[in-house]
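For reference, the structure is listed below as structure tokens.
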Amino acid sequence: MTVRALLIEDDETIAEPLVEGLGRYGLRVGHVSTGAAGLEGPYGDIVLLDLGLPDMDGIDVCRGIRQVSDVPIIMLTARGEEADRVLGLELGADDYLAKPFSMRELIARIRAVTRRSQRTATAAGPTTPAAPATTAPAPAVTPPAAAQPPPREPEPLVVDRRTRQVWVGGAPVALTPKEFELLALLTEDPGAVYSRQQILDRVWDPHFHGPTKTLDVHIATLRRKLGDPAWIQTLRGVGFRLAVHSGVPAGTPSGVPEAARP
């Protein structure tokens, strides 16, 4: 049986030889260059996911796929730090391959992951007795992409610096002090891009010498707590920004900085 793969990779110099090489090994590969397009699917039998995407972090793409599918995911990235590997695997990735890698190694990982997936599906077996012959056949479990409902629009976000409180759609969001300071900085000028160094200087310390992946972990946690990765956008090689606001929702306290739907 031909293995169908979805490659989510924005660098064409990497994607093109990958698609060609995987094709020589018998895989049928679909390629998209953004996280949003990757989330739309179809996922096929396995997803090959780059973490450094232009519109959103690959970690959030992994989380989004896991909310709707158990398809095997292999992360492909130049970010080989332990924090990235642990976070990706905890969010549901099945394997992690750091760039650069050989085609033979990637094929071996794909075969190993798909074998595990097939064994798990076989071991699970049927969960209900077979239906009588007169029973109408059950509909397909997964509807086609066109039939799936459109993504839900994010709720309004309100950040109150005076009380250090945050609400999404009227529901309070509990943040750690560093998470709040990071979000408050981004809300100072929604839509403006803050470089990694600017954020580390303002939120941590100008003399901070710890691992810069601390920032990535905090960004990923903030996106999860806010309920939608679209709130904080990644500009690859530049930094991060809060989604541009379009107005103040009813009930927003006077003087409270607010960023509306992205």
Side-chain angles (χ1 to χ4, degrees), residues 2-81 83-103 105-114 116-117 142 144-146 148 150-151 213 216 219-220 223-224 228-238 240 243 262:
T2 301
V3 175
R4 299 163 301 159
L6 173 63
L7 173 63
I8 308 175
E9 167 65 67
D10 67 308
D11 190 336
E12 292 295 333
T13 63
I14 295 175
E16 288 183 7
L18 268 182
V19 171
E20 181 181 351
L22 292 171
R24 287 200 298 268
Y25 280 89
L27 279 76
R28 195 167 65 211
V29 184
H31 170 232
V32 296
S33 58
T34 65
L39 287 172
E40 293 177 2
Y43 305 132
D45 301 306
I46 189 166
V47 173
L48 308 176
L49 172 62
D50 178 35
L51 290 191
L53 297 169
D55 59 333
M56 58 195 298
D57 197 289
I59 292 291
D60 295 304
V61 179
C62 178
R63 181 186 294 112
I65 292 174
R66 271 295 164 263
Q67 290 175 351
V68 297
S69 174
D70 291 327
V71 63
I73 299 174
I74 298 179
M75 290 185 166
L76 311 176
T77 178
R79 287 156 42 178
E81 286 82 355
D84 285 318
R85 295 196 301 270
V86 171
L87 185 58
L89 294 172
E90 286 183 348
L91 288 174
D94 297 87
D95 206 347
Y96 193 109
L97 194 55
K99 300 174 183 177
F101 51 82
S102 69
M103 183 61 66
E105 181 180 9
L106 175 58
I107 290 295
R109 300 288 186 101
I110 291 174
R111 287 173 176 168
V113 167
T114 52
R116 289 199 299 267
S117 176
T142 304
Q148 296 186 13
K213 289 306 169 187
D216 295 281
I219 290 286
R223 285 169 167 157
R224 175 176 56 80
D228 194 301
W231 275 119
I232 301 176
Q233 301 171 342
T234 301
L235 275 73
R236 188 174 184 181
V238 182
F240 303 94

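One is the number of the first residue; the rest follow in order along the sequence.
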Mind checking side-chain contact (heavy atoms from CB on, under 4.5 Å) for [X] and listing every partner two or more places apart, or none if nothing turns up?
{"X": "Val238", "result": "Val193, Leu235"}
{"X": "Asp55", "result": "Thr34, Ala36, Leu53"}
{"X": "Ile14", "result": "Glu9, Asp11, Leu18, Lys99"}

How long is the straight-line distance from [atom2] of [Y] back to [atom1] of [X], given to the nearest 0.5 Å?
{"X": "Ile219", "Y": "Gln233", "atom1": "CD1", "atom2": "CD", "value": "11.5 Å"}
{"X": "Leu39", "Y": "Gln67", "atom1": "CG", "atom2": "CD", "value": "9.0 Å"}
{"X": "His31", "Y": "Glu12", "atom1": "NE2", "atom2": "CD", "value": "5.0 Å"}
{"X": "Arg224", "Y": "Asp60", "atom1": "CZ", "atom2": "CG", "value": "10.5 Å"}
{"X": "Arg4", "Y": "Thr114", "atom1": "CZ", "atom2": "OG1", "value": "12.5 Å"}
{"X": "Ile232", "Y": "Asp57", "atom1": "CD1", "atom2": "CG", "value": "10.5 Å"}

Can you check whether Ile73's main-chain N or O pairs, donor with acceptor, with Asp94's side chain at less than 3.5 Å?
yes
Taking all non-hydrogen atoms of both residues, which atom of [X] and which atom of [Y] are closest, and how far apart?
{"X": "Tyr43", "Y": "Gly38", "answer": "CE2-O, 3.3 Å"}
{"X": "Val113", "Y": "Pro72", "answer": "CG1-CB, 3.2 Å"}
{"X": "Ala230", "Y": "Ala243", "answer": "O-CB, 3.7 Å"}
{"X": "Cys62", "Y": "Ala93", "answer": "SG-N, 3.8 Å"}
{"X": "Val32", "Y": "Ala37", "answer": "CB-CB, 3.8 Å"}

Working note: Val61 + Val47, criterion side chain to side chain contact (heavy atoms under 4.5 Å, CB included); need CA distance, chi angles, decisive distance, verdict.
CA-CA 11 Å; Val61 179; Val47 173; over 6 Å; no
So do Ile110 and Tyr25 actually touch side chain to side chain, heavy atoms under 4.5 Å?
no
Restricting to salt bridge (Lys or Arg N to Asp or Glu O under 4.0 Å), what partner residues turn up for [X], sequence neighbours left out?
{"X": "Arg28", "value": "none"}
{"X": "Glu16", "value": "none"}
{"X": "Glu105", "value": "Arg109"}

Between Arg111 and Asp95, is the closest basic N to carboxylate O distance under 4.0 Å?
no
Test log, rule side chain to side chain contact (heavy atoms under 4.5 Å, CB included), inputs Val29 and Leu48:
CA-CA 10 Å; Val29 184; Leu48 308 176; 5.8 Å; no
Leu6 and Leu49: side chain to side chain contact (heavy atoms under 4.5 Å, CB included), yes or no, with the steps?
CA-CA 8 Å; Leu6 173 63; Leu49 172 62; over 6 Å; no
Stepwise side chain to side chain contact (heavy atoms under 4.5 Å, CB included) test for Leu76 and Leu7:
CA-CA 10 Å; Leu76 311 176; Leu7 173 63; 4.2 Å; yes
